[in-house]
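Take a look at the structure below.
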Amino acid sequence: MYQKDYVLRMIEMIGELIAQILGLLNKKNTKKASQILENAYRDFLKEDASFFRSLSKEKLTNSLLQEHNYTDEHLQVLAELFYAEAEIQNTKEQKALASEYYEKSLILFRFVVENSTNFSIRLEQRINLLEKKIN
């Protein structure tokens with residue numbers, strides 16, 4: 001029970017962090033948003049941002065699940081961080097990079113939904129949003 005509460009709290013915290021980053025991006029403060037995002041990778045997933053950025057789309061889920069023992073919840077957190085990463089790159093007018101992170105985020109969210117026994121309207125909404133941003 002404690003583990004489930006911890007995971008739910010972690011997902012709530014990441015939601016608050018993403019909202020903070022998006023607020024900074026609305027003010028065009030990409031430097032502060034990037035700094036918060038860099039810290040979030042380490043705080044939530046115990047790895048540097050560069051580790052996750054270097055993962056190819058094709059190896060994203062297998063690598064993290066098998067080699068790093070990540071759970072679906074970890075993947076969901078990473079999907080949110082990739083979404084924030086895409087938004088930062090979009091604000092910087094780095095469209096190709098933004099698209100790459102939107103795609104990575106979408107891959108992870110789809111994987112989580114496909115492997116979950118629970119339906120989440122929030123995850124479905126995020127998937128729909130990402131599909132629109134990519135197209």
Side-chain angles (χ1 to χ4, degrees):
M1 186 66 175
Y2 169 76
Q3 180 69 19
K4 189 157 182 82
D5 288 343
Y6 172 75
V7 167
L8 290 174
R9 181 67 190 127
M10 188 170 74
I11 290 171
E12 278 178 27
M13 287 169 58
I14 201 73
E16 293 165 7
L17 191 94
I18 300 301
Q20 182 183 8
I21 289 171
L22 295 178
L24 288 166
L25 293 178
N26 283 337
K27 298 173 185 166
K28 304 289 187 222
N29 191 344
T30 57
K31 186 172 182 173
K32 180 74 173 163
S34 295
Q35 187 178 12
I36 290 169
L37 184 61
E38 291 288 326
N39 293 336
Y41 280 105
R42 177 150 303 284
D43 293 347
F44 287 97
L45 299 172
K46 310 299 182 224
E47 288 280 355
D48 284 330
S50 59
F51 168 79
F52 295 105
R53 290 179 182 136
S54 68
L55 291 172
S56 71
K57 289 185 283 193
E58 297 74 28
K59 294 185 177 177
L60 212 48
T61 53
N62 287 347
S63 173
L64 294 172
L65 291 171
Q66 293 168 359
E67 296 168 28
H68 299 280
N69 298 319
Y70 276 25
T71 64
D72 285 353
E73 289 79 14
H74 288 109
L75 296 182
Q76 190 174 334
V77 167
L78 181 57
E80 292 288 359
L81 294 177
F82 279 154
Y83 172 75
E85 189 90 56
E87 290 292 307
I88 289 170
Q89 297 306 324
N90 208 24
T91 301
K92 291 178 173 180
E93 300 292 323
Q94 300 291 321
K95 302 300 181 190
L97 209 46
S99 182
E100 181 183 327
Y101 287 115
Y102 284 135
E103 288 176 27
K104 284 182 173 183
S105 180
L106 182 59
I107 288 166
L108 291 172
F109 277 124
R110 282 183 176 155
F111 182 87
V112 169
V113 166
E114 288 168 10
N115 291 290
S116 177
T117 54
N118 302 324
F119 176 79
S120 169
I121 191 73
R122 194 186 71 72
L123 290 180
E124 293 295 333
Q125 289 170 334
R126 186 61 98 205
I127 287 171
N128 290 335
L129 173 71
L130 286 164
E131 288 171 341
K132 287 178 187 160
K133 285 187 178 276
I134 290 169
N135 297 328

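In this chain, residues are counted from 1 in sequence order.
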### Message
I'd like to know whether Leu75 forms a side-chain contact (heavy atoms from CB on, under 4.5 Å) with Leu65, so could you lay out the CA-CA distance, the side-chain angles of the two residues, the decisive distance to 0.1 Å, and finally the verdict.
### Response
CA-CA 9 Å; Leu75 296 182; Leu65 291 171; 3.8 Å; yes
### Message
Go through it in stages, so that I can follow the logic: the residues are Glu87 and Ile21, the test is side-chain contact (heavy atoms from CB on, under 4.5 Å), and I'd like the CA-CA distance, side-chain angles, deciding distance and then a yes or no.
### Response
CA-CA 9 Å; Glu87 290 292 307; Ile21 289 171; 5.9 Å; no
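A salt bridge links Arg53 with Glu85: at least one charged nitrogen is closer than 4.0 Å to a carboxylate oxygen.
The closest side-chain heavy-atom distance from Leu45 to Leu81 is below 4.5 Å. Annotation: side chain of Lys92 is in contact with side chain of Ile88 (closest heavy-atom distance under 4.5 Å). Within the 4.5 Å cutoff, no side-chain heavy atoms of Leu106 are placed close to those of Lys133.
From Gln89, atom CD reaches atom OG of Ser34 across 7.0 Å, with rounding to the nearest 0.5 Å. Rounding to the nearest 0.5 Å places CG of Leu78 at 5.0 Å from CG of Leu108. Taking CD1 of Ile11 as the start and CG of Leu123 as the end, the distance is 8.0 Å to the nearest 0.5 Å. With values rounded to the nearest 0.5 angstrom, Gln76 atom CD is found 6.5 Å from Ser120 atom OG.
Note on residues 21-66: pairs passing ring-ring contact (aromatic ring centres under 6.0 Å, His included), not counting sequence neighbours, are Tyr41-Phe52, Phe51-His68. Within the structure, salt bridge (Lys or Arg N to Asp or Glu O under 4.0 Å) contacts touching residues 113-122 (residues at least two apart or in different chains) are Glu80-Arg122. For the side chain to side chain donor-acceptor pair (under 3.5 Å) condition, the pairs that include at least one residue of residues 12-30, sequence neighbours left out, are Arg9-Glu12. Identified under the ring-ring contact (aromatic ring centres under 6.0 Å, His included) test for residues 83-116, with sequence neighbours left out: Phe82-Tyr101. Residue pairs that meet the ring-ring contact (aromatic ring centres under 6.0 Å, His included) test with at least one member in residues 12-34, sequence neighbours left out, do not exist here.
Every salt bridge (charged side-chain N to carboxylate O under 4.0 Å, His left out) that Arg110 has, sequence neighbours left out, goes to Glu131. For Thr71, the side-chain contact (heavy atoms from CB on, under 4.5 Å) criterion is met by Glu73, His74, not counting sequence neighbours. Judged as a side chain to side chain donor-acceptor pair (under 3.5 Å), and not counting sequence neighbours, the contacts of Lys57 are Glu103. Not a single side chain to side chain donor-acceptor pair (under 3.5 Å) links Lys46 to another residue, sequence neighbours left out. Every residue was checked against the salt bridge (charged side-chain N to carboxylate O under 4.0 Å, His left out) condition with Glu124, not counting sequence neighbours, and none meets it. Take Asp48 and apply the salt bridge (charged side-chain N to carboxylate O under 4.0 Å, His left out) test, not counting sequence neighbours, and it matches Arg42. Residues meeting the salt bridge (charged side-chain N to carboxylate O under 4.0 Å, His left out) test with Glu47, sequence neighbours left out: none.
Across Ser105 and Ala79, no two heavy atoms sit closer than the pair OG-O, 2.8 Å.
Shown here is Lys31, whose NZ atom has no more than 12 heavy atoms of other residues, nucleotides or ligands within 6.0 Å.
For Ser99 (side chain) and Lys95 (main-chain N/O), no donor-acceptor pair under 3.5 Å exists by modelled atom type. Between the Lys104 side chain and the Ala86 main chain, no donor and acceptor come within less than 3.5 Å of each other.
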